[in-house]
Engineer: 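This is the structure, below, for whatever I ask next.
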Amino acid sequence: MSWTVMRQVRQLILLGVLLLVAAGCQGNFPADAQGTLDRATEGELRVGIAENAPWTEVAPDGSVSGTEVELLNDYAETIDAEIRWIPGGENMLAAEMKEGHLDLVIGGLASDVPWTSEIALTRPYATAQGPDGKPVDIVMGVRPGENALLVDLERYLAERAGEL
């Protein structure tokens with residue numbers, strides 16, 4: 001066998017080994033650190049809700065409404081999830097998120113919320129006028145590390161906005 005043929009055979013063997021290694025490295029990406037999307041799919045999605053009309057409203061009887069409530073109800077249908085609404089103030093909900101008791105937080109959150117160490121924010125999906133008259137980007141909060149849920153929710157929001 002010539003030197004050129006032997007080199008080509010070695011290169012083919014190396015290529016085959018690399019392909020096998022690459023195939024073995026495949027996984028589900030993005031992935032959730034705690035498996036939230038898998039757990040919520042055909043299960044329960046735990047959503048913290050801070051009252052902030054017109055985005056979110058909580059009635060004395062515990063019923064919820066608002067534009068974000070409608071968005072999340074529609075999103076939950078796409079993953080066949082039931083939503084358990086947990087009302088509270090933003091500070092309390094951020095603490096509950098940090099403890100892992102919530103999957104999402106809504107309430108017309110501005111993109112500059114101070115809880116970014118406790119909450120991973122979606123990309124802005126709406127804009128509102130702030131108290132100073134300047135535009136404010138509106139986001140939702142997801143439990144940090146739950147990247148599959150974050151990407152799935154953002155994809156849904158982009159589809160609703162006609163971006164995809």
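Predicted model only: the values in this text are computed from it and were never measured. Worth knowing before you read on, the calculation uses all heavy atoms, side chains too, and leaves out hydrogens, waters and symmetry mates.
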Engineer: Please report the closest heavy-atom contact between A148 and P30, naming both atoms and the distance.
Structural biologist: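 In terms of heavy atoms, the two residues are closest at CB-O, 3.5 Å.
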Engineer: Go through L104 and L45 one step at a time and tell me if the side chain to side chain contact (heavy atoms under 4.5 Å, CB included) criterion holds.
Structural biologist: CA-CA 8 Å; L104 295 168; L45 188 63; 3.8 Å; yes
Engineer: Determine, using the 4.5 Å side-chain heavy-atom cutoff (strictly less than), whether V64 and I86 are members of one ILVMFWY cluster.
Structural biologist: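 No; I86 is not reachable from V64 via cluster members.
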Engineer: So, the side chain of D80 versus the backbone of T41: is there a donor-acceptor pair under 3.5 Å, distance only?
Structural biologist: no
Engineer: Applying side-chain contact (heavy atoms from CB on, under 4.5 Å), can you list everything that pairs with N73, at least two apart in sequence or on another chain?
Structural biologist: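 Expected list: V69, I83, W85.
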Engineer: Using only atom types and a distance under 3.5 Å, with no angle test, would you say the side chain of S63 pairs donor to acceptor with the backbone of A59?
Structural biologist: no
Engineer: Who pairs with P87 by side-chain contact (heavy atoms from CB on, under 4.5 Å), at least two apart in sequence or on another chain?
Structural biologist: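 Expected list: I49, V58.
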Engineer: Examine L102 and V139 and state if one hydrophobic cluster contains both, with Ile, Leu, Val, Met, Phe, Trp and Tyr joined whenever side-chain heavy atoms are less than 4.5 Å apart.
Structural biologist: yes
Engineer: Is there any side chain to side chain donor-acceptor pair (under 3.5 Å) pair reaching into residues 141-151, and which pairs are they, with sequence neighbours excluded?
Structural biologist: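 Of all non-adjacent pairs touching residues 141-151, those that pass side chain to side chain donor-acceptor pair (under 3.5 Å) are T36-E146.
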Engineer: Identify, with sequence neighbours excluded, every residue that meets salt bridge (Lys or Arg N to Asp or Glu O under 4.0 Å) alongside D74.
Structural biologist: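 Scan of D74 (salt bridge (Lys or Arg N to Asp or Glu O under 4.0 Å), adjacent residues dropped) gives R160.
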Engineer: Could you pull out every donor-acceptor pair under 3.5 Å between side chains of residues 126-138 and any protein atom, sequence neighbours left out?
Structural biologist:
unit_1: D132; atom_1: OD1; unit_2: K134; atom_2: N; d: 3.0

Engineer: Could you work out, with side chain to side chain donor-acceptor pair (under 3.5 Å) as the rule, every residue matching E96, not counting sequence neighbours?
Structural biologist: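 For E96, the residues satisfying side chain to side chain donor-acceptor pair (under 3.5 Å) (neighbours in sequence not counted) are H101.
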Engineer: Measure across E90 and A50 and return the closest heavy-atom pair with its distance rounded to 0.1 Å.
Structural biologist: CG-CB, 3.7 Å
Engineer: With T78, which residues qualify under side-chain contact (heavy atoms from CB on, under 4.5 Å), at least two apart?
Structural biologist: Y75, Y156
Engineer: Salt bridge (Lys or Arg N to Asp or Glu O under 4.0 Å): which pairs involve residues 39-66, sequence neighbours left out?
Structural biologist: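 Of all non-adjacent pairs touching residues 39-66, those that pass salt bridge (Lys or Arg N to Asp or Glu O under 4.0 Å) are R39-D103, E44-R84, R46-D103.
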Engineer: Do any side-chain atoms of residues 105-124 form donor-acceptor pairs under 3.5 angstrom with protein atoms, and if so which ones, sequence neighbours left out?
Structural biologist:
unit_1: W115; atom_1: NE1; unit_2: N91; atom_2: OD1; d: 3.1
unit_1: T122; atom_1: OG1; unit_2: M140; atom_2: N; d: 3.0
unit_1: R123; atom_1: NH2; unit_2: E163; atom_2: OE1; d: 2.5

Engineer: Partners of Y125 by ring-ring contact (aromatic ring centres under 6.0 Å, His included), sequence neighbours excluded?
Structural biologist: none
Engineer: Is the backbone of L37 close enough, under 3.5 Å, to the side chain of D152 for a donor and an acceptor to pair up by distance?
Structural biologist: no
Engineer: For residues 30-56, pull every pair meeting ring pair (Phe, Tyr, Trp, His ring centres under 6.0 Å), keeping only residues two or more places apart or in separate chains.
Structural biologist: none
Engineer: For L153 and V142: C-alpha separation, side-chain torsions, deciding distance, then whether side chain to side chain contact (heavy atoms under 4.5 Å, CB included) applies.
Structural biologist: CA-CA 9 Å; L153 177 59; V142 176; 4.1 Å; yes
Engineer: Nearest 0.5 Å, what's the CZ-CG distance between R155 and L150?
Structural biologist: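 CG of L150 is found 10.5 Å from CZ of R155.
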